[in-house]
Undergrad: 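Dumping the structure here so I can ask a few things about it.
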There are 2 protein chains.
Amino acid sequence: MAPAKSAKKKSKAPLVFQSPDGKSSPHPDLDTLVQQTIARVADKWTLLTLEALDQHGTLRFTQLAELVDGVSQKMLTQTLRQMEADGFVTRTVHPVIPPKVEYTLTALGRSLGEAFCSVWTWAEKNYKAIEKARVAYRERPRISR
Amino acid sequence: MAPAKSAKKKSKAPLVFQSPDGKSSPHPDLDTLVQQTIARVADKWTLLTLEALDQHGTLRFTQLAELVDGVSQKMLTQTLRQMEADGFVTRTVHPVIPPKVEYTLTALGRSLGEAFCSVWTWAEKNYKAIEKARVAYRERPRISR
DNA sequence: TATGTCAGTTACTACGAGGTAAGTAGCATG
DNA sequence: CATGCTACTTACCTCGTAGTAACTGACATA
């Protein structure tokens with residue numbers, strides 16, 4: 001009935017940006033920009049890689065492959081390239097044989113790690129509450145069915 | 001999402017949990033638990049829905065469908081059910097015709113919103129830096145090609 | 001000459017997330 | 001009696017993500 005496309009057309013009228021308190025974006029795209037940024041950054045491998053680098057400082061490719069649990073070479077490369085492009089890590093190639101490539105967080109990368117710290121802390125504090133809520137939801141008495 | 005079982009074999013040596021500062025988990029699964037929690041929570045539609053509810057308080061289904069830009073009915077329902085099961089929102093059905101269903105954040109949901117606030121703030125502050133980094137990466141002089 | 005090392009790249013493939021659209025319930029209104 | 005409203009559910013199908021595994025390059029060592 002209301003497919004996404006027609007919904008998108010509808011939201012061209014800037015409903016999202018008419019926040020009632022008036023503290024919304026200076027220009028209509030800020031929200032979108034921020035959302036894209038978060039979507040980009042809130043990726044599984046990116047987060048795990050960020051954590052590994054944050055904890056251990058400088059790391060080589062194979063060290064990261066061991067630390068980031070379950071990552072494939074392909075995804076690790078992809079993730080690191082992306083993080084490099086976004087300015088979160090520096091990639092230092094030492095032209096020796098066998099190759100030696102070192103990855104380190106930039107200031108931007110470190111600040112991202114700090115920002116995610118509160119989410120991390122939140123998860124530590126609340127994962128039990130979520131588990132409880134899930135159980136309660138499952139056991140929940142159903143009026144009809 | 002995390003099949004990666006064959007890769008897990010490799011990481012039998014608990015490298016991840018031997019954090020050098022010794023401030024790591026009391027038991028080896030905390031890290032995993034927290035990561036799963038974050039992976040669950042750091043979902044596009046969940047984040048956008050969370051934001052909409054955080055900003056506007058109580059909302060009906062169609063209001064959410066308008067506010068959460070680009071979401072399909074299917075995904076909105078799915079997201080809301082999940083958030084309800086996880087204890088982030090309450091779902092109130094008013095038995096009237098036509099149906100009226102209202103969604104509100106729980107305390108847990110609001111605390112999640114607060115935790116993500118720092119990431120949100122970070123994104124607001126740094127999306128320009130990321131954009132700059134991307135341009136720099138693209139324009140970057142290549143030694144060989 | 002063969003084998004190992006590190007840091008990838010590439011081709012092939014499969015799975016599943018998610019989009020689209022139609023169906024459902026129950027009553028109110030024209 | 002047909003259409004519309006709200007809040008979904010369901011079936012179908014596509015497209016992208018990511019896993020697997022083999023291959024590369026340049027040299028060092030046995």
Side-chain angles (χ1 to χ4, degrees), chain A residues 1-11 39-40 42-49 52-53 58-85 89-104 142-145, chain B residues 1-11 39-40 42-49 58-85 89-104 142-145:
Chain A
M1 241 178 221
K5 268 181 192 171
S6 60
K8 242 177 200 171
K9 277 171 200 166
K10 254 198 175 178
S11 67
R40 186 69 163 267
D43 163 72
K44 181 187 175 184
W45 298 130
T46 303
L47 251 35
L48 295 180
T49 306
L53 286 171
T58 298
L59 287 172
R60 301 180 61 175
F61 186 82
T62 38
Q63 294 181 304
L64 275 166
E66 277 167 14
L67 287 169
V68 179
D69 195 42
V71 77
S72 63
Q73 288 190 330
K74 182 185 150 190
M75 286 316 294
L76 184 55
T77 307
Q78 215 174 95
T79 304
L80 286 169
R81 285 293 131 80
Q82 176 124 45
M83 291 178 76
E84 194 197 354
V89 298
T90 55
R91 179 170 177 271
T92 314
V93 183
H94 301 273
V96 295
I97 301 277
K100 180 174 182 178
V101 180
E102 286 180 329
Y103 295 92
T104 314
R142 288 256 148 211
I143 302 168
S144 65
R145 182 98 173 106
Chain B
M1 224 176 242
K5 274 178 186 172
S6 59
K8 247 177 194 170
K9 279 172 201 164
K10 250 197 175 178
S11 64
R40 185 69 163 266
D43 163 72
K44 182 187 176 185
W45 298 129
T46 303
L47 250 35
L48 295 180
T49 306
T58 298
L59 288 172
R60 300 182 61 178
F61 186 83
T62 38
Q63 293 181 307
L64 275 166
E66 277 168 13
L67 287 168
V68 179
D69 196 42
V71 77
S72 64
Q73 289 188 333
K74 183 184 152 190
M75 286 315 294
L76 183 55
T77 307
Q78 213 173 99
T79 304
L80 286 169
R81 285 295 130 81
Q82 176 126 47
M83 291 177 77
E84 194 197 354
V89 298
T90 55
R91 179 171 177 269
T92 314
V93 182
H94 301 273
V96 294
I97 303 267
K100 180 174 182 179
V101 180
E102 288 180 328
Y103 296 92
T104 315
R142 288 258 147 210
I143 302 166
S144 63
R145 189 152 174 58

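To find a chain, count down the sequence lines: A is the first, B the second, and so on, and within it residues start at 1. What's counted below: heavy atoms across the whole structure, side chains too, no hydrogens, waters or symmetry copies.
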Undergrad: Taking side-chain contact (heavy atoms from CB on, under 4.5 Å) as the definition, give me every residue that meets it alongside A/Arg81, ordered by chain and number, with sequence neighbours left out.
TA: A/Thr77, A/Glu84, A/Arg91, A/Tyr103, B/Tyr137
Undergrad: Nearest-Å distance, CZ (B/Arg40) to P (C/dA17)?
TA: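 These atoms are roughly 11 Å apart.
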Undergrad: C/dG8 C1' sits how many Å from A/His94 NE2, rounded?
TA: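 Taking NE2 of A/His94 and C1' of C/dG8, I get 16 Å after rounding.
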Undergrad: From CD of A/Glu84 over to P of C/dA7, roughly how many Å is that when rounded to an integer?
TA: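 That distance rounds to 15 Å.
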Undergrad: Rounded to the nearest 0.5 Å, how far does CD of A/Glu66 lie from CZ of A/Arg60?
TA: 11.0 Å
Undergrad: A/Met75 has an atom CE; how far is it from atom C1' of C/dG8, in whole Å?
TA: 15 Å
Undergrad: Anything under 3.5 Å between a protein N or O and an N or O of nucleotides 9-11 of chain D, put it in a table, one pair a line.
TA:
{"from": "D/dT9", "atom 1": "OP1", "to": "B/Arg81", "atom 2": "NH1", "distance (Å)": "3.0"}
{"from": "D/dT9", "atom 1": "OP2", "to": "B/Arg81", "atom 2": "NH1", "distance (Å)": "3.4"}

Undergrad: Search all heavy atoms of B/Gln73 against all heavy atoms of B/Phe61 and return the closest pair with its distance.
TA: O-CZ, 4.0 Å
Undergrad: To the nearest angstrom, how far is A/Lys44 atom NZ from D/dG16 atom P?
TA: 21 Å
Undergrad: Could you write out each protein N or O paired with an N or O of nucleotides 3-6 of chain C at a distance under 3.5 Å?
TA:
{"from": "C/dC6", "atom 1": "O3'", "to": "A/Arg60", "atom 2": "NH2", "distance (Å)": "3.1"}
{"from": "C/dC6", "atom 1": "O3'", "to": "A/Pro99", "atom 2": "O", "distance (Å)": "2.9"}

Undergrad: Sequence neighbours left out, what passes side-chain contact (heavy atoms from CB on, under 4.5 Å) with A/Leu59? Give chain and number order.
TA: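 Listed in chain order: A/Ala52, A/Leu53, A/His56, A/Gln63, A/Leu64, A/Leu67.
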Undergrad: Taking CG from A/Leu59 and P from C/dA7, how many angstroms apart are they, rounded to a whole number?
TA: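 Spelled out: CG on A/Leu59 to P on C/dA7 is 11 Å.
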Undergrad: Under the rule for side chain to side chain donor-acceptor pair (under 3.5 Å), what residues qualify as partners of A/Glu102, not counting sequence neighbours?
TA: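 Once residues adjacent in sequence are excluded, the partners of A/Glu102 under the side chain to side chain donor-acceptor pair (under 3.5 Å) criterion are A/His94.
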Undergrad: In whole Å, I'd like the distance from the CG atom of B/Leu76 to the C1' atom of D/dC8.
TA: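 Atom CG in B/Leu76 sits about 10 Å away from atom C1' in D/dC8.
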Undergrad: If I compare all heavy atoms of B/Thr79 with all of B/Thr49, which pair ends up nearest, and what's the gap?
TA: CG2-OG1, 3.8 Å
Undergrad: Under 4.0 Å between a side-chain N or O of B/Tyr103 and OP1 or OP2 of D/dA7?
TA: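 So the side chain of B/Tyr103 is outside the cut-off, no N or O lying under 4.0 Å from OP1 or OP2 of D/dA7.
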Undergrad: So what is the end-to-end bend of the helix from C/dT1-D/dA30 to C/dG30-D/dC1, with 5 pairs used at each end and the value given to 10 degrees?
TA: 30°
Undergrad: Compare every heavy atom of A/Trp45 with every heavy atom of A/Asp69, then report the nearest pair and how far apart it is.
TA: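 Closest heavy-atom pair between A/Asp69 and A/Trp45: O-CZ3, 3.6 Å.
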Undergrad: Could you tell me the separation between the CD atom of B/Gln63 and the C1' atom of D/dT6, rounded to a whole number of Å?
TA: 12 Å
Undergrad: Can you tell which of C/dG18, C/dG8, D/dC8 lies closest to the side chain of B/Arg91?
TA: D/dC8
Undergrad: Sequence neighbours left out, what passes side chain to side chain donor-acceptor pair (under 3.5 Å) with A/Thr58? Give chain and number order.
TA: A/Thr104
Undergrad: A/Thr46: what forms a side chain to side chain donor-acceptor pair (under 3.5 Å) with it, not counting sequence neighbours?
TA: A/Asp43
Undergrad: Would you say D/dA18 has OP1 or OP2 under 4.0 Å from some side-chain N or O of A/Ser72?
TA: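 It does not, given that no N or O in the side chain of A/Ser72 lies less than 4.0 Å from OP1 or OP2 of D/dA18.
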